[in-house]
Amino acid sequence: MYIFNISDISKDPPCFMIKLQDVQINGAISLKFTLPTEYPDISPVIEIPIRNQVLSAKNHRQLMGFIQEKCEESLGMGMIFSVVDAAQQWINENVSPDTSEQPRDNKELDKEEKIDSDLKPIKFEEPKLTGGRWQYVIGLVGKPSAGKSTFFNAATTLDLAKTGAHPFTTIEPNIGKAFFSVPCPCSNLTVRCDAANGHDFKGQRYLPVLLKDVAGLVPGAWEGKGRGNRFLNDLLDADVLIHIIDASGTTNEKGEETVDYDPANDVQWLKEELHQWIYQNVWAKWENIVRRPQKLVDMFTGYHANKATIYAALRNAGVTESELSKIKTWDDKVLHRIVDCFLNIRFPILLVLNKADKETATDIIARLSAEFGDNYTIPVSAESECFLQKMEKEGYIKYNRGSDSFDILDCPSSIFTDLKKVESSILKRYGSTNIHNALCQGVSLREPVYAFPVHCLDTLQSVGKSHVEKSQILRDCIMLKPGTNVEEFHSVLCHYPVSLLSGDFVRAETVNTDGSKRPMKKDEVLNNSNNIIKIMTTKRSS
């Protein structure tokens with residue numbers, strides 16, 4: 001997800017201010033957004049507060065016109081991030097930071113852009129990568145009655161999602177907190193650390209992730225069938241997708257009961273839905289894109305993608321800078337290829353082969369795993385996980401979630417039989433119900449950087465009150481976007497919701513694998529070899 005400097009103003013209606021961070025002008029500038037109830041089908045109300053005359057009246061007027069044009073182009077899909085990105089680009093191209101030079105007339109610019117698109121290659125400027133905190137979101141997708149809501153309930157341990165054997169049980173997306181696990185640095189210590197969210201039974205550290213269960217999709221959703229594009233748009237903030245598949249073959253593509261259905265069909269048509277969702281949105285603006293080829297890049301920013309992601313997709317599709325300048329000669333195959341490459345990078349998909357406890361699922365799971373690969377498939381029984389959690393809550397068993405076994409304490413004979421069935425058909429065959437493993441595997445498809453801020457590199461005491469009050473070891477783990485450097489990590493630690501430090505950056509240190517300490521430069525990028533960090537500031541942490 002994008003992380004911007006956002007200030008909430010009101011919740012009803014939703015209103016917030018976003019500070020433009022990547023503008024090369026002297027002074028701060030922000031955009032104020034107010035979202036109507038019909039958003040994104042109608043444009044948000046956007047204002048540019050004028051407080052310190054950073055923009056001239058003419059700059060202000062022209063930028064507002066440009067923003068309104070961008071909004072009109074993006075109707076029907078999320079546009080906040082693309083508008084912010086486009087506004088920053090417009091300012092950097094049209095407002096001089098050091099002189100009073102005014103932008104040229106828009107008609108003149110359009111004319112030059114048309115000449116450039118005909119005669120000169122479009123330049124892929126090296127994108128400025130911005131790091132920061134990553135609030136990870138997993139989107140659950142799939143047809144009705146595949147078990148998405150059951151998976152959601154099993155993963156979040158909160159029975160929030162309605163479940164049932166009929167289409168569209170979920171109307172509004174369910175959003176809950178789940179936990180996945182990563183290796184913890186305390187595995188190399190003699191004592192277990194004070195991880196904020198605890199450890200799993202293997203000693204790995206729990207980290208939170210937002211799980212978003214959207215309404216069941218059916219073939220033709222991009223054309224408005226079922227619940228249509230509205231629920232495709234619910235996926236915009238997802239970082240990876242988990243496709244819940246009924247591996248028993250007992251429901252058809254619409255979620256209706258049947259027999260001998262091939263779930264491989266669901267994999268293909270759902271990918272086609274995602275493809276058409278993006279392709280049709282871009283194709284609808286094709287006339288404007290041909291006139292100004294750079295708008296092709298702008299269109300993809302609406303899917304919460306930075307320019308590095310978009311440029312990578314273009315290159316993977318074989319589209320060079322000179323090729324983009326010849327956009328008028330393209331056929332639709334080129335755009336289809338770009339969309340495919342973009343989806344592979346921006347929305348990687350894990351196939352969760354659910355209902356593994358059903359007799360008909362065994363052969364289907366083996367076939368789909370072989371066809372799509374173990375890295376992108378995992379057998380799961382969400383119903384079995386919910387059952388085991390319920391038995392544990394009622395005191396019949398002792399069970400560690402994600403484990404391959406449980407201890408029976410005392411239970412009626414009927415429950416004993418059901419428990420033994422789960423043990424033989426799921427735990428012994430697949431190693432666990434795999435709900436937790438599916439979350440871990442999903443995050444691994446687009447993995448963050450995990451950083452551990454400490455007050456002392458010798459004792460690994462945590463930042464904040466831990467060194468004043470009760471000592472806590474490696475309490476905090478911050479999920480960061482790849483490419484985050486030390487200076488950006490300092491900013492993350494100083495601001496909500498982390499708020500562990502205050503004051504200006506002074507210096508930073510990390511610990512090497514041999515235990516020796518070394519200083520870090522502000523622009524040093526964080527990775528798994530330098531992710532235990534002490535940052536010193538002008539103010540002591542409190």
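Just the heavy atoms: all of them, side chains too, but no hydrogens, waters or symmetry mates, feed the values below.
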Requested in this report: Report the C-alpha distance between Ile242 and Ile244 in whole Å, list the side-chain angles of each, state the deciding distance to 0.1 Å, and finish with yes or no for side-chain contact (heavy atoms from CB on, under 4.5 Å).
Outcome: CA-CA 6 Å; Ile242 287 182; Ile244 308 296; 3.6 Å; yes

Give a yes or no on whether the ring-centroid distance for [X] and [Y] is below 6.0 angstrom.
X	Y	answer
Phe342	Phe300	yes
His243	Phe372	no
Trp134	Tyr450	no

Is the side chain of [X] donor-acceptor paired with the backbone N or O of [Y] at a distance under 3.5 Å, no angle test?
X	Y	answer
Asp200	Gly203	yes
Thr309	Ala305	no
Thr433	Ala382	no
Asn485	Glu488	yes
Ser369	Ala366	no

Requested in this report: Determine whether Phe452 and Ser462 make a side-chain contact, defined as any pair of heavy atoms from C-beta on separated by less than 4.5 Å.
Outcome: no

Is [X] salt-bridged to [Y], going by a charged N under 4.0 Å from an acidic O?
X	Y	value
Lys271	Asp340	no
Asp298	Lys70	yes
Lys148	Asp213	yes

Requested in this report: Supply the atom-to-atom distance Asp246 CG to Thr258 OG1, rounded to the nearest 0.5 angstrom.
Outcome: 10.5 Å

Query raised in the report: Is the His336 ring parallel, tilted or perpendicular to the His275 ring (thresholds 30°, 60°)?
Result: parallel

Query - Gln441 CD: over 12 foreign heavy atoms closer than 6.0 Å - result: yes

Requested in this report: Show your working on side-chain contact (heavy atoms from CB on, under 4.5 Å) between Cys193 and Arg475 and close with a plain yes or no.
Outcome: CA-CA 7 Å; Cys193 73; Arg475 178 193 61 220; over 6 Å; no

Query raised in the report: Yes or no on side-chain contact (heavy atoms from CB on, under 4.5 Å) for Ser381 and Lys355, after CA distance, side-chain angles and deciding distance?
Result: CA-CA 5 Å; Ser381 176; Lys355 304 188 183 180; over 6 Å; no

Report summary line: Taken in chain and number order and not counting sequence neighbours, the residues that satisfy ring pair (Phe, Tyr, Trp, His ring centres under 6.0 Å) with Tyr396 are none

